[in-house]
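Structure first, commentary second.
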Amino acid sequence: MSGAAENSADGRADRSGTEEVPSFRYTAEMAGEIERRWQQRWEELGTFHTPNPSGSLQGDTSGAEKLFVQDMFPYPSGSGLHVGHPLGFIGTDVYARFHRMLGRNVLHTMGFDAFGLPAEQYAAQTGTHPRTTTENNIERYLSQIRRLGLGHDERRRIATTDIDFYRWTQWIFLQIFHAWYDFDADDGKGRARPIGELEQQFESGERATPDGRPWGDLTRAEQRAVLDSYRLVYLSEEPVNWCPGLGTVVANEEVTAEGLSERGNFPVFRRNLKQWMMRITAYADRLVDDLDRLEWPEKVKTMQRNWIGRSRGANVVFELPGSTSGIEVFTTRPDTLFGATYMVLAPEHPLVDELIAARGEDQGWPEGTDERWTQGAASPAEAVAAYRHAASMKSELDRQETREKTGVFTGAHATNPVNGESIPVFIADYVLMAYGTGAIMAVPGQDQRDWDFASVFGLPIVRTVEPPQDFEGEAYTGDGPAINSSSQVTGLSLNGLDVEEAKKEIISWLEEHGHGSGSVQYKLRDWLFARQRYWGEPFPVVYDSDGTPLGLPEDQLPVVLPEVADYSPRTFDPDDANSEPEPPLARAGDWGAVELDLGDGLRKYERDNNVMPQWAGSCWYQLRYIDPDNDERFVDPDNERYWMGPRPDRHGPDDPGGLDLYVGGVEHAVLHLLYSRFWHKVLYDLGHVSSEEPYRRLYNQGYIQAYAFTDSRGVYVPAEEVQERDGKFFHNGQEVTREYGKMGKSLKNSVSPDEMADAYGADTLRLYEMSMGPLEASRPWATKDVVGSHRFLQRLWRNIIDEHTGQLRAVDIEPDLEMRRALHKTIAGVREDYGELRFNTAVAKLIELNNRVTKEYSAVAGTPREVVEALVLMVAPLTPHLAEELWSRLGHEAGLAHGPFPVADEQYLVEDTVEYPIQFNGKVRSRTVVAASAGQDEIREAALADEKIAAALDGKEPRKVIVVPGRLVNVVG
RNA sequence: GCCCCCGUAGCCCAAUCGGCAGAGGCGGCGGACUCAAAAUCCGUGUAGUGUCAGUUCGAAUCUGACCGGGGGCACCA
């Protein structure tokens with residue numbers, strides 16, 4: 001050491017010593033100090049407390065337009081956040097802060113979707129109660145996000161695991177349980193109604209009972225069974241997805257295309273088990289149709305449409321000669337009935353046994369049966385049995401991998417109703433029992449799958465739609481005139497009609513002659529709602545001695561989770577399809593047995609021992625944000641109407657209402673967003689909310705991804721220790737392989753927001769995340785780039801505060817005209833960018849303006865207050881702590897969270913002169929400056945007078961001169 | 001296999017109605033400060049927009065085909 005002075009006496013940094021960073025520079029340490037101070041201040045002042053029209057959070061809501069912004073409900077994972085997690089949270093915060101500064105009443109908060117498997121699995125391993133784990137994780141999560149300075153109304157935080165919250169989840173369940181769907185209501189659109197109204201219809205005789213007996217003649221149990229069959233929540237003994245590896249059943253939406261559970265990747269089996277279902281299918285049409293009323297990404301709408309899978313067509317019955325029954329098929333192309341040359345039943349179709357039995361088990365093949373149809377079996381019965389056995393052995397994956405068409409002839413024939421022709425009936429696994437009627441009419445001329453099957457089995461192919469002249473394919477699915485579509489037997493002809501006309505015509509013919517009717521099919525299935533787990537909402541249901549499920553009265557809520565010795569359901573060998581679910585609540589001692597008076601005296605009942613799926617809480621949490629501690633209702637109607645009600649004046653006459661901006665990842669496109677819309681619509685139908693949709697506008701943020709590196713053994717090495725040389729990557733001198741993808745601890749490429757905040761401050765992290773690209777784009781994380789955002793904040797700071805003295809540099813001097821113009825152009829641009837979530841370009845504009853200020857004023861005594869104050873206000877949504885600090889140092893006592901926000905002055909947005917590029921034959925050759933007020937002729941003259949253009953023309957007349965006002969001139973020679 | 005989105009500088013990204021390819025950041029290079037380095041500051045633009053056609057006075061932008069990347073659906077009748 002040289003023995004230099006360690007401190008300087010005058011407060012300035014000693015520039016000759018070891019202390020070289022100026023004392024008042026905006027460093028990470030200073031940022032941290034500022035951030036802690038302002039976060040504390042905001043909390044003390046309740047800066048982000050948002051008033052409601054009524055209730056416990058009542059305040060003045062007059063005058064200000066409301067804005068409800070929400071992030072998708074995070075799960076408080078115990079492993080901590082990486083820098084990708086808060087991307088959307090910061091985005092919504094910037095948007096919310098911008099609008100708050102504009103004077104809007106902004107609701108922005110965040111709660112936790114806290115039920116779920118990880119805490120339960122941890123409990124099973126360690127004995128720690130899931131509530132303890134969950135609460136610790138929430139605290140950890142909060143400490144990480146609080147550091148980011150998100151302007152949340154902390155009074156509105158909720159967690160789905162709070163008893164005060166899940167009490168209302170149970171209450172909503174009961175509303176749905178005590179409702180039925182009246183398909184005739186609202187002119188056929190349908191509406192959920194209280195079950196009591198259905199009972200009245202039966203009592204009064206307005207609606208007939210299933211077997212026609214008067215309602216009063218039914219026993220109470222029979223009445224209950226009838227009502228239960230109508231409920232929006234019902235017990236069903238249909239095939240469900242049983243996952244032995246998890247020990248629970250799961251919803252269709254939770255099974256991957258490969259037939260594995262989304263969580264855990266365990267095999268899932270179709271099993272008949274008695275389970276709770278929600279009748280989401282009743283809402284299929286409204287869930288599809290109302291997508292048109294939402295401001296959502298098309299991609300998500302498409303995914304929902306595909307999932308619901310509505311297709312319109314007709315059900316047609318093909319008679320079986322010598323039998324009273326027929327084969328009913330669903331088809332979207334009834335116009336092609338004349339091309340139906342055979343039929344196919346799904347192998348599991350119940351009619352198959354009847355067909356075999358009708359001909360006689362020991363009957364051989366009909367005379368002249370094609371060899372290809374028999375699979376070498378001696379009889380249809382034998383062939384069918386063999387085929388069914390083979391089909392049942394195939395997994396979903398096998399079926400998908402081999403698309404070759406297989407099947408066998410059943411020996412039976414059916415009659416095509418349009419022409420009376422007898423056509424053979426096959427079974428084949430390309431027809432699925434679960435869709436439509438489990439049977440098809442095969443039209444090889446217009447369906448490629450049928451074409452393929454017909455080719456293998458040598459079946460006739462009849463085109464009934466004329467393909468274009470140049471058509472070279474096999475099956476033709478396009479539009480065209482109908483051909484080969486008439487019959488002397490029935491007198492029907494569709495020839496010459498186009499597809500749409502033919503469909504209409506044939507449907508009315510089918511209906512008239514009793515052969516079928518128009519129909520709509522959906523892929524959507526009812527929602528399997530029960531899980532055999534511990535850490536979820538218990539069902540508010542008990543069973544009486546007959547096993548009839550009864551909804552508990554409201555005053556019995558909440559049903560609190562019991563203490564148990566073992567938190568896990570029994571799990572099984574993942575491949576043990578025949579195991580049976582054993583839920584933890586079934587082992588909760590005497591919890592399950594209750595004595596209640598449900599109207600007919602004190603009796604014994606048994607509690608339901610399932611819990612709700614994790615999606616339940618997120619189906620309605622936005623409503624609880626509105627009124628988090630209302631203990632009279634799940635949400636106050638005034639408050640709901642204020643925050644979520646339709647605003648036709650602002651969003652058009654068709655506005656369904658809902659919150660104003662919902663930001664989250666696209667992975668919830670089907671599951672959460674579909675379930676939530678469903679619940680919301682039920683609540684709307686029952687009159688509990690005024691909005692028809694929960695989320696008016698949806699925005700999908702991208703993912704922050706990262707590079708990961710593996711060594712020669714395939715083991716991940718710490719990404720931060722990898723060095724790049726000449727396009728290759730090295731770790732400790734060894735070359736490693738680069739992969740691109742997720743960020744995660746196991747990939748050793750995780751970067752936490754805390755370490756970034758330590759190194760640069762939270763404001764820098766916020767700014768960087770917003771500036772690295774558009775919010776919706778996925779992009780790689782680059783720690784080394786963060787310094788650029790930090791330098792910008794340092795330069796901004798330096799324009800206002802002297803780094804060496806801490807003195808204010810802003811003074812009351814007039815900026816010149818060019819600076820004013822730059823300022824107002826920036827204001828106009830930044831306002832627009834913020835409003836449209838284009839934070840990256842807003843940042844660029846702010847940096848540009850700040851660089852201009854630096855260039856012009858860094859060498860002189862002070863910077864113009866007018867410019868730097870506007871800069872501070874404009875940067876505030878992005879870097880709120882720094883902005884508040886500078887704003888206060890600029891002499892403002894009140895904070896800036898509620899504005900003002902600079903307004904652009906139009907007079908500085910128009911230029912006096914415009915520089916026009918002059919193109920010659922489309923290439924820029926010169927430039928000329930003309931008055932902004934110049935007319936087309938003047939601009940043209942100025943361009944032609946230009947030396948270089950005159951030279952290019954070489955004395956000739958231009959063939960054409962294109963003048964684009966405000967843009968350029970193109971001279972065509 | 002079908003459908004959708006995206007390809008701009010070494011990297012992340014801008015570019016209103018089709019109108020000057022560059023706003024911003026990283027890196028690189030040069031310089032200042034330093035004994036030196038880090039930090040900081042100043043300066044510096046290297047691609048003609050994945051490829052090939054077409055429309056146009058003019059194409060990153062519109063159209064078609066192809067290549068590459070990402071996503072969705074996948075025997076749904």
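Residue numbers begin at 1 in each chain, while the letters A, B, ... track the order of the sequences.
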Mapping A:Val972 and A:Gln919 to their closest nucleotides on RNA chain B, which lands nearer the 5' end?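 Per heavy-atom nearest nucleotide, the more 5' residue is A:Gln919.
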Residue closer to the 5' end of RNA chain B, A:Thr302 versus A:Asp447 (nearest nucleotide): A:Thr302
Pick base, sugar-phosphate or nothing for [X], based on heavy-atom distances below 4.0 Å to the nucleic acid.
{"X": "A:Thr27", "value": "nothing"}
{"X": "A:Thr331", "value": "sugar-phosphate"}
{"X": "A:Thr854", "value": "sugar-phosphate"}
{"X": "A:Arg798", "value": "sugar-phosphate"}
{"X": "A:Val964", "value": "base"}
{"X": "A:Asp452", "value": "nothing"}

Spacing of the [atom1] atoms in [M] and [N] (rounded, Å):
{"N": "B:C26", "M": "B:G43", "atom1": "P", "answer": "13 Å"}
{"N": "B:C17", "M": "B:C6", "atom1": "P", "answer": "15 Å"}
{"N": "B:C13", "M": "B:G45", "atom1": "P", "answer": "24 Å"}

Both distances below 3.5 Å, Watson-Crick or wobble geometry, any strand: find the nucleotide opposite [N].
{"N": "B:U63", "value": "B:A53"}
{"N": "B:G18", "value": "none"}
{"N": "B:G45", "value": "none"}
{"N": "B:U40", "value": "B:A32"}

Tell me whether the OP1 or OP2 atom of [N] has a side-chain N or O from [X] closer than 4.0 Å.
{"X": "A:Asn970", "N": "B:G19", "answer": "no"}
{"X": "A:Arg795", "N": "B:G25", "answer": "yes"}
{"X": "A:Asn840", "N": "B:A23", "answer": "no"}
{"X": "A:Arg791", "N": "B:U40", "answer": "yes"}
{"X": "A:Lys855", "N": "B:G43", "answer": "yes"}

Confirm from the modelled atom types if A:Asp785 and B:C26 form a donor-acceptor pair under 3.5 Å, side chain to base only.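 Answer is no: no donor-acceptor pair is held.
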Starting the side chain at C-beta, find the nucleotide from B:C73, B:C57, B:A77 nearest to A:Ser311. B:A77
Quick one, A:Leu796 and A:Leu882 - any side-chain contact, counting heavy atoms below 4.5 Å? yes
Heavy atoms, side chains only, cut-off 4.5 Å: are A:Met874 and A:Ile827 in contact?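 Yes. Closest side-chain heavy atoms under 4.5 Å.
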Between the main-chain N or O of A:Thr281 and the side-chain N or O of A:Asp526, is there a donor-acceptor pair closer than 3.5 Å?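 Checked: pair present.
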Salt bridge (charged side-chain N to carboxylate O under 4.0 Å, His left out), that's the test. Do A:Lys503 and A:Glu500 meet it? Break it down for me. CA-CA 5 Å; A:Lys503 280 184 184 173; A:Glu500 274 315 302; 3.7 Å; yes
How are the rings of A:Phe453 and A:Tyr430 set to each other: parallel, tilted or perpendicular (split at 30° and 60°)? tilted
